[in-house]
Amino acid sequence: MPNLTDATVTVAQLRSRLIEFVHERDWEQFHAPKNLSMALAAEAGELMEHFLWSTPEESRSRAQDPVRRGKIAEELADVVIYALQFANATDIDVSAAIDAKIEANAKKYPVAKSRGRSEKYTEL
């Protein structure tokens with residue numbers, strides 16, 4: 001699949017590609033929700049390491065640094081791969097789940113109360 005971009009590939013296509021990748025290696029046996037959620041957390045930690053002890057401004061700069069950007073992209077890919085594999089293993093529709101979560105968050109964080117504020121919805 002040459003030149004894949006967010007604009008040219010669907011979530012379903014990525015999920016299908018991952019199913020094939022995992023199946024070819026007989027890894028389904030290891031992909032219980034428990035294991036995938038733990039792998040996802042571990043990879044998220046590796047992504048966070050790139051920004052540890054940096055200010056918000058420094059973190060933005062690091063994300064754009066050509067030397068670090070490739071490594072950051074690899075960690076982000078690992079996080080998304082495990083998230084999509086979790087969706088495959090549990091048969092969760094990612095787009096439907098995201099849409100439902102955005103709707104729920106819109107109710108918890110109405111624009112009039114939350115615009116420009118970082119407080120949790122219980123504190124608005």
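Just so you know, residue 1 is the first one in the sequence shown, and it goes up from there.
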Determine whether L76 and V94 fall in the same hydrophobic cluster, where Ile, Leu, Val, Met, Phe, Trp and Tyr are linked whenever their side-chain heavy atoms lie under 4.5 Å apart. yes

So for atom CG, which belongs to D6, do other residues, nucleotides or ligands contribute more than 12 heavy atoms lying within a distance under 6.0 Å? no

Linked, directly or transitively: M48 and V80 (ILVMFWY side chains, under 4.5 Å): no

Is the NZ or CZ atom of R17 positioned over F21's six-membered ring, under 6.0 angstrom from the centre and within 45° of the axis? no

Between R69 (side chain) and A63 (backbone), is there a donor-acceptor pair under 3.5 Å? yes

What distance do L36 atom CG and T90 atom OG1 have between them, rounded to the nearest 0.5 Å? 8.5 Å

Minimal heavy-atom distance between D65 and V67, with the atoms involved, is OD1-N, 2.7 Å

Where at least one partner belongs to residues 35-51, residue pairs that pass side chain to side chain donor-acceptor pair (under 3.5 Å), sequence neighbours excluded: none

When rounded to the nearest 0.5 angstrom, what is the spacing between OH in Y82 and NE2 in H31? 6.0 Å

For L40 versus A83, what's the shortest heavy-atom pair and its separation? CD1-N, 4.0 Å

Rounded to the nearest 0.5 Å, what's the gap from CD1 on I92 to CG on L84? Could you check? 11.5 Å

I19-F30 co-clustered via ILVMFWY side chain contacts under 4.5 Å: no

Nearest heavy-atom approach of E58 to W53 is OE1-O, 4.1 Å

Taking NZ in K108 as the centre, count heavy atoms belonging to other residues, nucleotides or ligands within less than 6.0 Å. Is the count above 12? yes

Between V9 and I98, is there a shared hydrophobic cluster once you connect ILVMFWY residues whose side-chain heavy atoms come closer than 4.5 Å? yes

So for atom CZ, which belongs to R115, do other residues, nucleotides or ligands contribute more than 12 heavy atoms lying within a distance under 6.0 Å? no

Side-chain donor/acceptor of R15 to backbone N/O of Q85, under 3.5 Å: no

Measure the OG-CZ distance between S61 and F51 for me, rounded to the nearest 0.5 Å. 10.0 Å

Residues at least two apart in sequence or cross-chain that pass salt bridge (Lys or Arg N to Asp or Glu O under 4.0 Å) with E103, listed by chain then number, are none

Spacing of K120 atom NZ and S114 atom OG [to the nearest 0.5 Å]: 14.5 Å

Ignoring hydrogens and geometry, is there a side-chain-to-backbone donor-acceptor pair from S16 to A12 under 3.5 Å? no

I'd like to know if the side chain of T10 and the backbone of Q13 have a donor-acceptor N/O pair within less than 3.5 Å. yes

Can you tell me how far apart NE2 (H23) and CG (N88) are? Round to the nearest 0.5 Å. 13.5 Å

side-chain contact (heavy atoms from CB on, under 4.5 Å) for K71 and E75? Distances and angles first, verdict last. CA-CA 6 Å; K71 293 176 183 176; E75 297 304 342; 5.8 Å; no

Would you kindly confirm whether F86 and V22 end up in one hydrophobic cluster when ILVMFWY residues are joined by side chain heavy atoms under 4.5 Å apart? no

